[in-house]
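All chains are named by letter (A, B, ...) in the order of the sequence lines, taking the proteins before the strands, and each is independently numbered beginning at 1. This is a predicted model, so every value here is computed, not measured.
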Protein chains: 2
Amino acid sequence: MVGYVVRRAKVWIFQDVRRTLKGLDVTPAQFSVMKIVGANPGLAQARVAEALFIERARLVQMLDRLEARGLIGRTRSARDRRSHALHLTEEGARLLAHLEQLLEVHERNLVTRLGPKSKSELLRILAPFAR
Amino acid sequence: MVGYVVRRAKVWIFQDVRRTLKGLDVTPAQFSVMKIVGANPGLAQARVAEALFIERARLVQMLDRLEARGLIGRTRSARDRRSHALHLTEEGARLLAHLEQLLEVHERNLVTRLGPKSKSELLRILAPFAR
DNA sequence: TATTGTTATACTCTATAACTATA
DNA sequence: TATAGTTATAGAGTATAACAATA
């Protein structure tokens, strides 16, 4: 029952994000990668994967795509030569800012759907899942 | 931010359900189909798809599998010969009862994770997504 | 020994479009 | 014309396992 409603909410939210970003060729998952890398330049791939609950293996392909589009860069870390330090390119940072602006519409859609106070309540209740 | 935490919760819940049902070869989605059909015998495929937010096309393959395993039956509806009336077989009903019993463990895991009162709050807040 | 990035495989799921048979 | 079930396809995501380079 809880699983059902949480899944329904997740599907609705992701569909609304996709609709909002229509035509920009950015999935919700790609957005989340850009956002976390933007906020934490130098982060290693394994850290991003952990933070986003994405498989390490899956992230590789996502980064391949983002790198090919010139949005994200990988550079060998000096301290630990196994790992890649990730950073947004200038274009990546520009796109991210644009996406965040567009997503304000989604944010409003969500609050409309949930009712005014529920967003913060929801974040509080689900906090145990955000680690 | 909301999308992030809702997805994390969804992933955790589904993983926990999979863990709980380990070895029985039943996915969370299959369980939900069996449950809704069990509670509403005679339901048409399109209704199930709507209720569960699953694509009509996807449901076809899920039902093929469940039918092949002898858990669910499809019979042509007398009233509308386009549609299939779905029902659990005896074995399907037996398995469903077993699954529901097993999932009480998951239910307890979830409440432990969320804290005691949060489950009902969560259901109330997310009610707009349950239609 | 353990971790990082990578490749690979199989399966599930989502999003679409089109087809047929019925209504 | 619309709906129910079906088939098909492309891409996204999940779950695993293995490997080379590095720690």
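Within residues 60-86 of chain A, the residues that place at least one heavy atom under 4.0 Å from DNA chain C are, in residue-number order, A:Val60, A:Arg74, A:Arg82, A:Ser83, A:His84. Within residues 7-20 of chain B, no residue is approached by DNA chain C to less than 4.0 Å at the level of any non-hydrogen atom. Only A:Ala44, listed by number, bring a heavy atom of residues 26-44 of chain A to less than 4.0 angstrom from any atom of DNA chain C.
Take A:Lys10 and apply the salt bridge (Lys or Arg N to Asp or Glu O under 4.0 Å) test, not counting sequence neighbours, and it matches no residue.
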Inset, instruction - Could you give me the CA-CA distance, side-chain angles and deciding distance for B:Arg108 and B:Asp16, then say whether salt bridge (Lys or Arg N to Asp or Glu O under 4.0 Å) is met? - result: CA-CA 11 Å; B:Arg108 281 195 292 278; B:Asp16 194 65; over 6 Å; no

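We find the CG-CG distance between B:Leu66 and B:Leu59 to be 9.0 Å, quoted to the nearest 0.5 Å. Between B:Ser77 atom OG and B:Leu43 atom CG the span is 11.0 Å, to the nearest 0.5 Å. Rounding to the nearest 0.5 angstrom, the gap separating the CG atom in A:Leu63 from the CE atom in A:Met34 is 11.0 Å. With rounding to the nearest 0.5 angstrom, the CZ atom of B:Phe53 is 8.5 Å from the CZ atom of A:Arg7. Taken from CG in A:Leu21 to CD in A:Gln30, the straight-line distance is 10.0 Å, to the nearest 0.5 Å. Residue B:Glu121 holds its CD atom at 10.5 Å from CG of A:Leu122, rounded to the nearest 0.5 Å.
Think of the region where chain B sits on DNA chain C: with heavy atoms and a 4.0 Å cut, that region ends 5' and 3' at C:dT12 to C:dA23.
For A:Arg76, the CZ atom is densely surrounded, since the number of other residues' heavy atoms within 6.0 Å is greater than 12.
The backbone N or O of A:Gly70 sits less than 3.5 Å from a side-chain atom of A:Thr89, completing a donor-acceptor pair. Judged by distance alone, the side chain of B:Arg74 and the main-chain N or O of B:Glu67 form no donor-acceptor pair under 3.5 Å.
To the nearest angstrom, P of D:dA4 lies 7 Å from CD of B:Glu50. The nearest whole Å value for the distance from the CZ atom in A:Arg58 to the P atom in D:dG11 is 13 Å.
Applying the side chain to side chain donor-acceptor pair (under 3.5 Å) test to residues at least two apart or on different chains, none of the pairs has a partner in residues 90-99 of chain A.
Of the charged side-chain nitrogens involved, none lies within less than 4.0 Å of a carboxylate oxygen, so that A:Arg56 and A:Glu50 do not count as a salt-bridged pair.
Side-chain to base pairing of B:Arg56 with D:dG5: one donor and one acceptor N or O lie within less than 3.5 Å of each other.
Nearest-nucleotide positions on DNA chain D for B:Gln45 and B:Lys22 put B:Gln45 closer to the 5' end.
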